[in-house]
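Beneath this line is the structure, given in structure tokens, with notes to follow.
What you see is a predicted model; the values in this text were computed from it and never measured. Sequence lines set the chain letters: A, B, ... in the order given, protein chains first and strands last, and positions in each chain run from 1.
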2 protein chains.
Amino acid sequence: MPGRRGMRSSGWGGKFRGCGYRMTVPRQSIMDVLSVTNKHLSAEDIYMEVHKIYSNVGLTTVYRTLELLTQMGLVVKFDFGDGRARYELIEGSKSGHHHHLVCTGCKRSIEYTDFINEETEFLERAEKELSKKYKFDIKNHIIQFYGLCDKCREKK
Amino acid sequence: MPGRRGMRSSGWGGKFRGCGYRMTVPRQSIMDVLSVTNKHLSAEDIYMEVHKIYSNVGLTTVYRTLELLTQMGLVVKFDFGDGRARYELIEGSKSGHHHHLVCTGCKRSIEYTDFINEETEFLERAEKELSKKYKFDIKNHIIQFYGLCDKCREKK
DNA sequence: TTGATAATGGAAACCATTTTCAATAAGAAG
DNA sequence: CTTCTTATTGAAAATGGTTTCCATTATCAA
Ligand SMILES: [Mn+2]
Ligand SMILES: [Mn+2]
Ligand SMILES: [Zn+2]
Ligand SMILES: [Zn+2]
């Protein structure tokens, strides 16, 4: 009965090898953490999470793997303005496709999925034309609205 | 004949004072640099540019002013992945409203203005509904497509 | 099982950004 | 114009997320 234990081995290994990389314990465990969360984890967040199970995985490796995943287009790296990068798995992520409202006051982000349908239609067309016109191989995208959240506005 | 000398005093002072801040020489000179460029300047870029004319303005002040401008919603802060933030004036910027294709290889960015009309329509509607639904005071937004540019793709 | 080499972890280095604090200057009041 | 309050500033030092180094280890094709 393949595929039990929560789809843990859902083919990440193949994905890595397909790109000429090796599948390792640290990489697998990082993918596990990313697949399960629905938060915006920083490198250190991921490191601590992985550390619970494999206490010998280093923070350096977490950074390296995240960079690799970003290059592979499997992960998006976000900057919400709080001084550390945050990462989200695209394929197979808990939250579906979504975007963010980012508060420039408290640096928190709110996910929204409104307009995703209209947006998808629009983005698909844009992606196609832009990649042709600028000879650009588009892997993914972000949309972020900046402003003040409820709480930060009244604090003003 | 008011307003000569290239619209230098195009009311930035009023903008600052209107928000309860003072207009100072460093702030004015930073606005001057931002108004004239059509590049994506980092804090240090701006510092060096300002330094040519006011050699006593400090890098710290540049950072502080950029933070202020971002909070005021006059400037957008970008992260193109090269380890330093980049800033663009919104109102009165040389390039009009536009977005970016960001290469995850060489970290360079390409501006595009295609689809801006359709996009504006879409974004206006989104902004209105999102700010109501999430009680969020939206100041501005970014859209970025990530991928590999022409050169970085063939290097692979 | 073996060998070539990709990948790793820990420590040190890096460096963009922030903090500190005494000195300065904007601008309201008179 | 002069005075006074205090927002603003510059230089230096501190901060801390991320990267670099390098000797050791583990992956996986043969
Ligand atoms: Mn998210
Ligand atoms: Mn731009
Ligand atoms: Zn907030
Ligand atoms: Zn490139």
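Of the N and O atoms on the side chains of Asp45(A) and Ser42(A), at least one donor lies less than 3.5 Å from an acceptor on the other residue. A side-chain donor from one of Glu111(A) and His98(A) sits under 3.5 Å from a side-chain acceptor of the other.
Enclosure of atom NZ in Lys107(A) by more than 12 non-hydrogen atoms of other residues, nucleotides or ligands within 6.0 angstrom is indicated.
Rounded to an integer number of Å, the gap from Asn56(B) CG to dA23(C) C1' is 14 Å. The interatomic distance linking Ile46(A) (CD1) with dG17(D) (C1') rounds to 14 Å, in whole Å. Taking atom CZ of residue Arg86(B) and atom C1' of nucleotide dT17(C), one finds them 15 Å apart after rounding to whole Å. Going from atom OH of Tyr47(B) over to atom P of dC15(C) covers 18 Å, rounded to whole Å. We find that CZ of Arg27(B) is positioned 14 Å from C1' of dG10(D), with the value rounded to whole Å. As a whole-Å value, the separation of Leu59(A) CG from dG16(D) P is 15 Å. In this structure, Asp82(A) places its CG atom 15 Å from C1' of dT15(D), rounding to the nearest Å. Across the protein-nucleic acid pair, Met31(B) atom CE and dT8(D) atom P stand 15 Å apart, rounded to whole Å.
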For nucleotides 25-30 of chain D, 5' to 3', base contacts (B), sugar-phosphate-only contacts (S) and non-contacts (-) with protein non-hydrogen atoms under 4.0 Å give -BBS--

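Residues Glu118(A) and Phe122(B) have side chains in contact (heavy-atom distance under 4.5 Å, counting atoms from C-beta outward).
For DNA chain C, if you chain together Watson-Crick or G-U pairs that step i with j, i+1 with j-1 and so on, the runs of at least three with distances under 3.5 Å are C:1-30 with D:1-30.
Taking every heavy atom of both residues into account, Ile30(A) and Val62(A) meet most closely at CD1-CA, 3.8 Å.
Residues in residues 74-83 of chain A take part in these side-chain hydrogen bond (donor to acceptor under 3.5 Å, both in side chains) pairs, two or more places apart or across chains: Asp82(A)-Arg86(A).
Between dT17(C) and Arg84(B), no contact under 4.0 Å exists linking OP1 or OP2 to a side-chain N or O.
With side-chain heavy atoms closer than 4.5 Å counting as contact, directly or through intermediates, Val36(B) stands alone and belongs to no larger hydrophobic cluster.
Contacts with DNA chain D (heavy atom under 4.0 Å) in residues 63-76 of chain A: Tyr63(A), Arg64(A), listed by number.
Each of Gly83(B) and Thr60(B) was assigned the nucleotide of DNA chain C with the nearest heavy atom; the assignment lying further toward the 5' end belongs to Gly83(B).
A tilted orientation is assigned to the rings of Tyr112(B) and Tyr134(A), their planes being inclined by 30° to 60°. Using a 30° and 60° split on the angle between ring planes, His141(A) and His99(A) fall in the tilted class, from 30° to 60°.
Not counting sequence neighbours, the partners of Tyr47(A) by the ring-ring contact (aromatic ring centres under 6.0 Å, His included) test are His51(A).
Using a 4.0 Å cut-off between a side-chain N of Lys or Arg and a carboxylate O of Asp or Glu, Lys39(A) and Glu88(A) do not qualify as a salt bridge.
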